[in-house]
Amino acid sequence: MIRKQTKAIHTQFQSRDAYNSLSMPVYHTAAYEFDNAKEMSDAFCGRTNMPDYSRVTNPTVIFFENKVKSLTGATDVIAVNSGMAAISNTLLSVAAAGKNIVTSKHLFGNTYSLITETLKRFGVEPKLCDLTDTNQVRETIDDNTCCIYLEIITNPQMEVADLQALAQISHEKQIPLIADTTLIPFTEFNSHDLGVDIEIVSSTKYLSGGATSIGGLIIDYGSFTDFSKRIRSEMLLNLGAYMTPHVAYMQTIGLETLDARYRIQAANAATLAQELRSIPAIKRVNYIGLEDNPYYMLSQKQFGPTAGAMITIDLESRKACFNFINRLKLIRRATNLFDNKTLAIHPASTIFGPFTDEERKNMDVLDTTIRLSIGLEDVYDLLDDIKQALK
Ligand SMILES: *Cc1c(COP(=O)(O)O)cnc(C)c1O
């Protein structure tokens, strides 16, 4: 049996490259030529897997998809041009006017507005509930519910729901459990073993390898027949969000080093979370890898021993947060997660800035919270920078 990390490095080409290139070439082409009308028709009608047009298929992207497929054990993987494209294409495939989506108010900002504004305009009803309360979830689902949608660790609240409990409810209703697993890489845990039917990843984050590019993955475990077929034969054609070959090339290389980078970043985050607790100016350290975190046990059970590389800290006030961010010397002031560099952001005034005070309060996005994405630096240099910025 070949282990995960070996699979991440070695993936078979679908067909041999003309020059025996050892890396997957970047096929920068819009179209593909055929020898005769029959072959052309077979490709366009899906009777062969010969590529026809790069809006729907491209050898470099397929190679990347196959790498993810072999690492996750999925039945199909579709690479698209952002995490948001993965989410929107998935929801547009499972929802329809008159249907509703059961989810939480604790969502990535754009996912929240996709569900509560964009899809709502097309007659899809958002049904927000507390996904950590299974009774509430049961009460919220009705005959028109088309899926349960969640993030495995919400950002920035850091809430963790019980995937197996939610899978049980969704499968009783014969609807898919869709999980955005961006915050813990799929090399660490198998979401399908916990009952997830469709996994979504913003490959911009851990996977891209040092924040090289924007990308997203739709990982289908095949529980609902024709889901990925619908994505490929309807969504990619009609919405046009397929990944581009150059991005697939960069993210393939990123995927090869994902596990190595993640181990260091998660270890740095664990050390830092522990150290930050003894600093008086920091009122609270939120990291699900801390033993007294309310989600520690569930997180260990679901995701294994690591707890990701995102930490939030709370300071006294919004002003203290701004001062802290302004004084950082090493840590970069930027959004994004899991770059090689450590990044700091004040979510309430940036990512959640366009929302009203009332909406932010409702989403539990506090004015006192700083989000840190921990990188590959020496952890004690990060600690020194945080300490000097708090002075
Ligand atoms: C970043 C992120 C997204 C969106 O991904 P993009 O690649 O920026 O479109 C979705 N979900 C989560 C949890 C994220 O962190």
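Start at 1 and go down the list; that is how both ligands and their atoms are numbered.
N155 and R371 form a side-chain donor-acceptor contact under 3.5 Å, judged by distance and modelled atom types alone.
The residues K105 and E151 are annotated as not salt-bridged, no charged nitrogen and carboxylate oxygen being separated by less than 4.0 angstrom.
Looking at heavy atoms from C-beta onward, C129 lies out of side-chain contact with S104 at the 4.5 angstrom threshold. Contact annotation: the side chain of V68 never approaches that of S203 to less than 4.5 Å [non-hydrogen atoms, C-beta and beyond].
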What are the distances between nitrogen or oxygen atoms of ligand 1 and protein nitrogen or oxygen atoms, counting only those under 3.5 Å?
residue, atom, partner, partner atom, Å
ligand 1, 5 (O), S202, OG, 3.0
ligand 1, 7 (O), G83, N, 2.9
ligand 1, 7 (O), S202, OG, 2.8
ligand 1, 7 (O), T204, OG1, 2.6
ligand 1, 9 (O), G83, N, 3.1
ligand 1, 9 (O), M84, N, 2.9
ligand 1, 11 (N), D180, OD2, 2.6
ligand 1, 15 (O), K205, NZ, 2.8

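Y262 pairs with exactly one of F186, Y206, F189 by the ring pair (Phe, Tyr, Trp, His ring centres under 6.0 Å) rule, that one being Y206.
A ring-centre distance under 6.0 Å is not found for F64 and Y249.
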